[in-house]
Amino acid sequence: MSSQTRPRRLSVTQIQSRKGGEKIVCLTAYTASVARHLDAQVDLLLVGDSLAMTVYGFDSTLPVTLDMMVAHGAAVVRATQHALITVDLPFGSYQESPEQDFRAAARVLAETGCTAVKLEGGEEMAETVAFLVRRGIPVMGHVGLTPQAVNALGGYRSRGHADAERDTIMRDGIAVAEAGAFSLVIEGTAESVARELTGAIAIPTIGIGGSAACDGQILVTDDMLGLFAEFTPKFVKRYRRLGEEIGGAAREYADEVRSGRFPAEEHTYRAPRRARSATAE
Ligand code: KIV
C-alpha cells in the first residue's frame, strides 16, 4: 500500500487542536479483537493499566508490569489504523526519576508502535513530563483521582470537594500542562474543578468522571459494554450489557452440546465418497 492510500492515524497535534472545539472521543482497549471494533468510532484509544482489573482480575492497577503493557499495546496498535494509541506506564516503572521514565516510555514506543504514553501525577511529575517531551515522547497527563495512588488517597472516592484538594488538583493540572503534556485526563473530580482547570490550561482535558466541561471523554470499554460488573462508578454509563449476552450465548451452546444439536451437519467435515471399483461390486 502506498503512503498516499494508507489511512493515517490521528496525531497529537490534531488532538491538541481540538481544544475547546469538537469533543475528543476516547475509550480504553486491551486486545486486538476489541480494538478493531472501536478504532473507526474514536479519536484516541488508551491501553490503560485498568487492564489489571478488567483483563487480569486484580483488585487494583498496582500489579501491572511493563511487559504486560507492551504486549497489550502492541496488539492494539497492530489491530488499528485510525485512532491515536496511548499506552499507560504502569506503577513503579516511572516514578523514580525522569531517566527511569524515559527508559520505560522509550521501550513502550519502540516495542508497541504507539504514539504516546500516559502517566499519573501532578506537580511532582512535571519535571519528568518535561524530560520526556524534550526528548520527543508525547505525554498524556492524569490528575484528580489517580488509581495508582489508591493507597495514599485512601480509596477510589471522587476528589476536589474541599478547598485544599481543589487547589492541589488545579496546581497539578497546570504543572503537567506547562511541562508539555499534549492532553490531560481528569478523573473522578468535582465538576467545578474540572471546569476551572479546563479553562486554565491550553491543552485538551479528557474527563472520566470529570464532567461535560472537559474537552473530551474517556470510559473504560469493559464498563460501558457491561463486561466488568464488579462495581460501577457513578461516572459510568452502560451502553450495552455484553456480560449478559456472553452468559446467554454460553448457556445456549451448553444446551445444544448436551442435547446433541451442536455440531450440526453444516459444521461437520465429510470425507468425499471413495470411488467404488467394479471388481468390488
Ligand atoms: O487505565 C485506565 O483505563 C485509565 C483511564 C481510567 C483513564 O487510566
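Note that ligands are numbered from 1 as they come in the structure, with each ligand's atoms numbered from 1 the same way.
Distance alone, capped at 3.5 Å, is enough to place a donor-acceptor pair between the Lys19 side chain and the Ile203 backbone. A donor-acceptor contact shorter than 3.5 Å is absent between the side chain of Asp222 and the backbone of Leu227.
For the salt bridge (charged side-chain N to carboxylate O under 4.0 Å, His left out) test, residues two or more places apart in sequence or in another chain that qualify with Asp43 are Arg18. With sequence neighbours excluded, no residue satisfies salt bridge (charged side-chain N to carboxylate O under 4.0 Å, His left out) with Glu178.
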One pair per line, please: each N/O atom of ligand 1 matched with every protein N/O atom under 3.5 Å away, atom names first, then the distance to 0.1 Å.
| unit_1 | atom_1 | unit_2 | atom_2 | d |
| --- | --- | --- | --- | --- |
| ligand 1 | 1 (O) | Asp49 | N | 3.1 |
| ligand 1 | 1 (O) | Asp49 | OD1 | 3.0 |
| ligand 1 | 1 (O) | Ser50 | N | 3.0 |
| ligand 1 | 1 (O) | Ser50 | OG | 3.3 |
| ligand 1 | 1 (O) | Asp88 | OD2 | 3.1 |
| ligand 1 | 3 (O) | Ser50 | OG | 2.5 |
| ligand 1 | 8 (O) | Lys118 | NZ | 2.9 |

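Look at Arg159 and Glu187 and you find no salt bridge, because none of the NZ, NE, NH1 or NH2 atoms lies under 4.0 Å from a carboxylate O.
Taking Ile, Leu, Val, Met, Phe, Trp and Tyr as hydrophobic and joining them when side-chain heavy atoms fall under 4.5 Å apart, one finds Tyr269 isolated, its cluster having no other members.
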